[in-house]
Amino acid sequence: MEHLHSTEAAVRALREIAREYGLEMEVGHDIGADRTSRRTAAGVAVTTDADGSLPHEAFVEFGGSPRVSVRLYPDDDALIDVDGVECHDVPRDHVPPFLRSVFGGLAYVKGRRFPPGYWLVVPLPGDATYKELIPMISLTPWLSGKVR
């Protein structure tokens with residue numbers, strides 16, 4: 001996995017993934033401590049962090065199925081939403097392989113009869129695998145088609 005040293009580097013990597021899979025992509029940027037979602041303690045009209053840097057957050061939406069969005073935080077992590085299933089605290093360097101797994105067909109839904117439940121399973125190269133619980137009532141057509 002390549003190291004993504006900034007939010008902008010991650011956005012460039014996501015643009016490349018969109019090109020690879022022929023997907024449309026929209027990006028919104030929030031720059032400054034007064035604009036990013038995790039900087040509520042920064043104070044009124046304060047735009048920089050204590051070290052003088054401008055935090056940069058981006059929200060990326062991909063077109064097509066499944067519906068995928070990514071919120072890249074300035075703290076080197078991301079929130080990835082796959083058809084309504086939120087995957088929190090994904091390290092920024094894991095976002096490109098995570099999306100390649102989803103768009104490339106490696107991600108799947110694992111079901112269990114007792115106790116009943118479904119999990120979105122997203123394998124990454126190496127030993128990393130992300131598993132997120134899916135509420136029973138929210139199996140979309142895409143998620144239903146990935147049940148094993």
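Position 1 is the first residue of the sequence, and the numbers go up from there.
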Full working for side-chain contact (heavy atoms from CB on, under 4.5 Å) between W119 and V85: CA-CA 9 Å; W119 285 263; V85 180; over 6 Å; no
side-chain contact (heavy atoms from CB on, under 4.5 Å) assessment of V90 paired with Y130: CA-CA 9 Å; V90 177; Y130 289 90; 4.0 Å; yes
Residue pair M25, V60: steps toward the side-chain contact (heavy atoms from CB on, under 4.5 Å) verdict: CA-CA 7 Å; M25 179 177 132; V60 179; 3.6 Å; yes
V95 vs V70, side-chain contact (heavy atoms from CB on, under 4.5 Å): CA-CA, chis, key distance, verdict: CA-CA 8 Å; V95 173; V70 179; 4.1 Å; yes
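Side-chain heavy atoms closer than 4.5 Å link hydrophobic residues (I, L, V, M, F, W, Y) into clusters, and following such links, even through other members, never connects L106 to L143. Under the 4.5 Å side-chain heavy-atom criterion for ILVMFWY residues, no single connected hydrophobic cluster contains both F59 and L14. By the rule that hydrophobic residues join a cluster once side-chain heavy atoms approach within less than 4.5 Å of another member, I134 and W142 end up as members of one cluster. Grouping the Ile, Leu, Val, Met, Phe, Trp and Tyr side chains by contacts below 4.5 angstrom, directly or via other members, places L120 with Y118. By the rule that hydrophobic residues join a cluster once side-chain heavy atoms approach within less than 4.5 Å of another member, V27 and L4 end up as members of separate clusters.
Here CZ of R15 is found 14.5 Å from CD of E20. Values are rounded to the nearest 0.5 Å. Atom CG of residue D83 and atom NZ of residue K146 lie 11.0 Å apart, to the nearest 0.5 angstrom. Here the straight-line distance linking atom CG of L72 with atom CD of E8 works out to 10.0 Å at 0.5 Å rounding.
Defined by atom type and a distance below 3.5 Å, a donor-acceptor pair is missing between the side-chain atoms of D81 and S69.
Under the 3.5 Å distance criterion, the side-chain polar atoms of T7 are left unmatched by any main-chain donor or acceptor of A58.
A salt bridge between E61 and R67 is absent, with no side-chain N of the basic residue lying under 4.0 Å from a carboxylate O of the acidic one.
Below 30°, between 30° and 60°, or above 60°: for F103 and Y21 the angle between ring planes is between 30° and 60°, a tilted geometry.
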